[in-house]
Amino acid sequence: MGDYLANLNPEQLKAVTLPRESALILAGAGSGKTRVLTTRIAHLIQSGQASPAGILAVTFTNKAAKEMLTRLSAMLPINVRGMWVGTFHGICNRLLRTHHRDAALPQLFQILDSGDQQSLIKRLAKSQGMDDEKFPPRQMQNFINNCKEAGLRANAVEAGDDFTRRMVAFYADYDAQCNREGVVDFAELLLRTFELLAKNLNLLTHYQERFKYILVDEFQDTNKLQYKWIKMLAGSNGCVFAVGDDDQSIYRFRGAEVGNMNDFVRDFAVEHVVKLEQNYRSQGHILDAANAIIAKNKARLGKNLWTSEGKGEQLRVFAAATDSEEAQYIVDEVKQLHREGMPMNEIALLYRSNAQSRVLEHALFRARLPYKVYGGLRFFERMEVKHALAYLRLAGNPDDDSAFTRVVNFPARGVGARSVEQLQEAVEQGIKPSLMSAARAGVVSGRSGTAIAQFIAIIDLLRTASENLRLPELIEEVLERSNLAAHYAAERDGQDRVENLHELVNAATLFAEEFEHGETPAGEAEADVAPVGTHQQQVLAAFLSHASLEAGEHEAAAGADALQLMTVHSSKGLEFHAVFVSGLEEGLFPHDNSMNEDGGLEEERRLMYVAITRARKRLYVTYAGTRMLHGQPRYGMVSRFVDEIPAELCKWIVLPERAQTRWNSGASSNSSWGSGGGRAPQADPDRYATAPRAKFELERPDAHPFAIGQNVQHAKFGEGVVLNFEGRGLDARIQVRFKTDGTKWLALQYAKLTAA
DNA sequence: TGTACTTAAGTTTTT
DNA sequence: CTTAAGTACA
């Protein structure tokens, strides 16, 4: 056995060296999941059980796929490229390109990202005269994607009511439109591949025999269709190595089905469920907190993380009066950590929702601390880049109506909405198959007709150029001919956009080089398929797929030693020396909106579990009594998740100087700020909801028996905090956020409320 | 056609 | 408060 097996713990070793059978690896946070996955592959190859071509490894993100490939090439002396390692979508894209004929797709089909998909839906809905109040595009997009992810075509969807029937009809029209345009959305990549294999026994058998070993990362995140896809590809004799963690399932809202783990055990007659519970990331107290929290969940396969390292520090819990005080505390602590030598990029600030980053950013900016916020627009999603790509898409496929509408009049060249409508009508009447073909047919006349002719000339020129020009030069040509570069250069704040356009050329240069070296999967088509188009057109199509499938990093500038700000969701898979989890207030984390869904609270708890397990050495948990939300103060109760952390793991932070201020500021008299020692009495919830009230009372002299922000006690619902009032006198109603029963409106007259 | 104003809504997100 | 999207107007 190779030395790659050295240093594995017994469970890891067991997982890596399992015989040829389907297995489920329950890999806790920080338990060396990726290592097990890659070592398993290396082992299968080194021991001669599999050839590289027999391996299919599927991930969710490009980042994970890349990471696996990097590690594999470090472990194996062989060329890693024979293996198929990629995202579900990347692999489907590859299969569909290879077998485009069987899949009834043009070989150079283009991929719609969610933005593209939404604009297509809007366009189609408008042309059908649908009421966008009754049928919001966003909802129709979800409907279509949900159907596809359930494996259902429009004709298979059961509609019980008129509303659904209309949606289903729209779904059918949408698919027809995609087919006309030769474009494919994300869900379609999966579904089309699934159908391709389901309908072609020969193909299916071919791949079933080829992929002797299928490995799936983040299995808890698979949706219904992905699971069916894996099941089909594995066939009766397949061997699926599924790695996942039900406790880290936080994407149910986008279709992830944790239940697939149980189904997998049943459907694949799994004999070995290997639990990886030894954690190599966090110190003891942090793990104890994570274990205690997640233990409150009922629906679990069951797992307990442990470490051979010491207990480490206690968690630091800080109750701030306001969100800005919370932010200031974090800033002060970050400065201290940095003084003690901790690199800034080893410190993360996590929050439940993006809106929370604002206060934090404000405080960081004032303190001149470098920081990086994850979650903005990605490179290929930027407007100017999308515009340039639209020209490229039209050069490759003139029937791409989405691309056509995006740029037919951008930069403005005198093609108005009416002209586009005329083209649209021609298409609807079946006179012409696409907007471009209608434009060519001279549907629009007059001055607009001339403008359209200009546009056609540009596209034709680009189309000819695309046959032989190398990709970067082609893009230069696009920027030039379309007038995009000049347009943005003339714009007041267009500097960044111009830079991004140049960056697009750079990206293309890089991509083209990698493509020529066969480093991109799309570059190695199956030998038995004759490629369509010239070589350069192949490169173009691959680049466009790349732009859709891999929209680029979420971060702004990489490399800088900056603090990392992100949502808890985007922190999954990452780790830091020090982590701040902020905004631990009822309604925020756990979030109000998730409390209505069943299983919502448990998912929020898993989210908290993910947040905690990001930290190696130091973990801060903070919350604020008052937080500005939507321009109004919002009064919060401490999150139940804070209470769920065993007291002995926590060190409650009390700032003497702030506590002093608090006493003097006239907060409620039973506030216990300033008393210290051990777990401060502040652990009681009535300590943080002591918001300044003066302003409110000025505005509403007809004071109610309670003040907004005041803590109250209800006979049935327990503790709560007053959020709002409505009406006066006997009709007055009071809104209270209760700790466990959510937010309620109560009739002041009847509710038995007492000041807490 | 582009700009200025109004209005509504605001959990999480990869491909 | 902020942002996006829609509407009115020059």
Side-chain angles (χ1 to χ4, degrees), chain A residues 58-65 86-93 111-118 122 132-133 136-138 142 145 148-149 184-191 193 217-218 221-223 225-226 249-256 323 350-359 361-362 374-378 380-381 383 409-418 448 451 487 491-492 545-554 566-573 583 587-597 600 603-604 606-608 610-611 627-634:
Chain A
V58 206
T59 64
F60 275 87
T61 65
N62 294 298
K63 200 173 158 196
T87 62
F88 277 101
H89 295 84
I91 285 162
C92 286
N93 178 40
I111 301 168
L112 303 180
D113 67 22
S114 355
D116 298 332
Q117 184 187 33
Q118 189 161 53
K122 274 188 189 158
D132 56 0
E133 298 262 294
R138 175 88 223 146
N142 284 336
N145 291 339
K148 291 191 179 186
E149 278 162 16
V184 163
D185 63 49
F186 285 139
E188 183 71 23
L189 283 171
L190 266 297
L191 182 54
T193 308
D217 190 19
E218 304 278 17
D221 287 340
T222 51
N223 64 31
L225 179 58
Q226 285 160 338
S249 163
I250 54 174
Y251 284 115
R252 198 182 52 161
F253 70 91
R254 66 175 197 214
D323 49 356
L350 308 185
Y351 35 81
R352 173 68 238 267
S353 66
N354 286 305
Q356 288 165 252
S357 76
R358 187 165 305 280
V359 213
E361 285 185 70
H362 182 72
Y374 287 71
L377 268 192
R378 290 128 103 230
F380 285 108
E381 290 169 350
M383 193 179 29
N409 195 36
F410 194 93
R413 52 174 69 84
V415 183
R418 180 69 201 121
S448 305
H487 172 85
E491 226 179 37
R492 279 190 305 280
S545 305
H546 167 81
S548 295
L549 290 176
E550 198 168 342
E553 288 286 317
H554 250 317
M566 64 190 86
T567 63
V568 179
H569 278 95
S570 20
S571 76
K572 198 177 123 193
L588 199 59
F589 196 1
H591 199 282
D592 270 338
N593 294 10
S594 46
M595 307 295 277
N596 306 325
E597 306 153 19
E603 177 129 332
E604 293 288 306
R606 290 193 289 271
L607 208 44
M608 182 64 183
V610 167
R627 180 178 298 280
M628 288 304 282
L629 207 68
H630 311 329
Q632 287 190 319
R634 170 195 164 111

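Keep in mind it's a predicted model, so treat the numbers as computed, not measured.
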(message) For B/dT12, is there a stacking contact with A/Phe253, counting only centres under 5.5 Å and planes under 30°?
(response) yes
(message) Please report the distance, rounded to the nearest Å, between CZ in A/Arg352 and P in B/dT13.
(response) 8 Å
(request) May I ask you to say whether A/Asp221 pairs ionically with A/Lys572, meaning some side-chain N is under 4.0 Å from a carboxylate O? (result) yes
(message) Heavy atoms only, 4.0 Å cut-off, all strands: where does A/Tyr251 land among base, sugar-phosphate and nothing?
(response) sugar-phosphate
(request) Quick one: list whatever passes salt bridge (charged side-chain N to carboxylate O under 4.0 Å, His left out) with A/Glu597, sequence neighbours left out. (result) A/Arg252
(request) Could you list the residues that satisfy side-chain hydrogen bond (donor to acceptor under 3.5 Å, both in side chains) with A/Glu188, not counting sequence neighbours? (result) A/Lys148, A/Arg153, A/Arg192
(request) Return the nearest nucleotide to the side chain of A/His89; candidates are B/dT15, B/dG2, B/dT12. (result) B/dT15
(message) Rounded to whole Å, please give me the gap between CD in A/Glu491 and C1' in B/dG2.
(response) 11 Å
(request) Tell me, please, which residues at least two apart from A/Arg627 pass salt bridge (charged side-chain N to carboxylate O under 4.0 Å, His left out). (result) A/Glu326, A/Glu585
(message) Return whichever of A/Glu603 or A/Gly414 has its heavy-atom-nearest nucleotide of DNA chain B closer to the 5' end.
(response) A/Gly414
(message) Just to be sure I understand: a Watson-Crick pair is purine N1 to pyrimidine N3 plus N6-O4 or O6-N4, both under 3.5 Å. Using that and G-U wobbles, which stems of three or more pairs involve DNA chain B?
(response) B:1-10 with C:1-10
(request) Scan nucleotides 1-10 of chain C nucleotide by nucleotide, 5' to 3', and note B when protein non-hydrogen atoms come under 4.0 Å of the base, S if they reach only the sugar-phosphate, - if neither. (result) BSS-------
(message) Using a 4.0 Å heavy-atom cut-off, does A/Asn354 contact any base of the nucleic acid, only the sugar-phosphate backbone, or nothing at all?
(response) sugar-phosphate
(request) Indicate, with a heavy-atom threshold strictly under 4.0 Å, whether A/Glu597 touches base, sugar-phosphate, or nothing. (result) base
(request) Kindly say if A/Ser570 contacts the phosphate of B/dT13, meaning a side-chain N or O under 4.0 Å from OP1 or OP2. (result) yes
(message) Students often get this wrong, so: under 4.0 angstrom with heavy atoms, is A/Val184 touching a base, only sugar-phosphate, or nothing?
(response) nothing
(message) Is the base of B/dT12 stacked against the aromatic ring of A/His569, taking ring centres under 5.5 Å apart and planes under 30° as the test?
(response) no
(request) Would you please name every residue forming a ring-ring contact (aromatic ring centres under 6.0 Å, His included) with A/Tyr251, sequence neighbours left out? (result) A/Phe253, A/His569
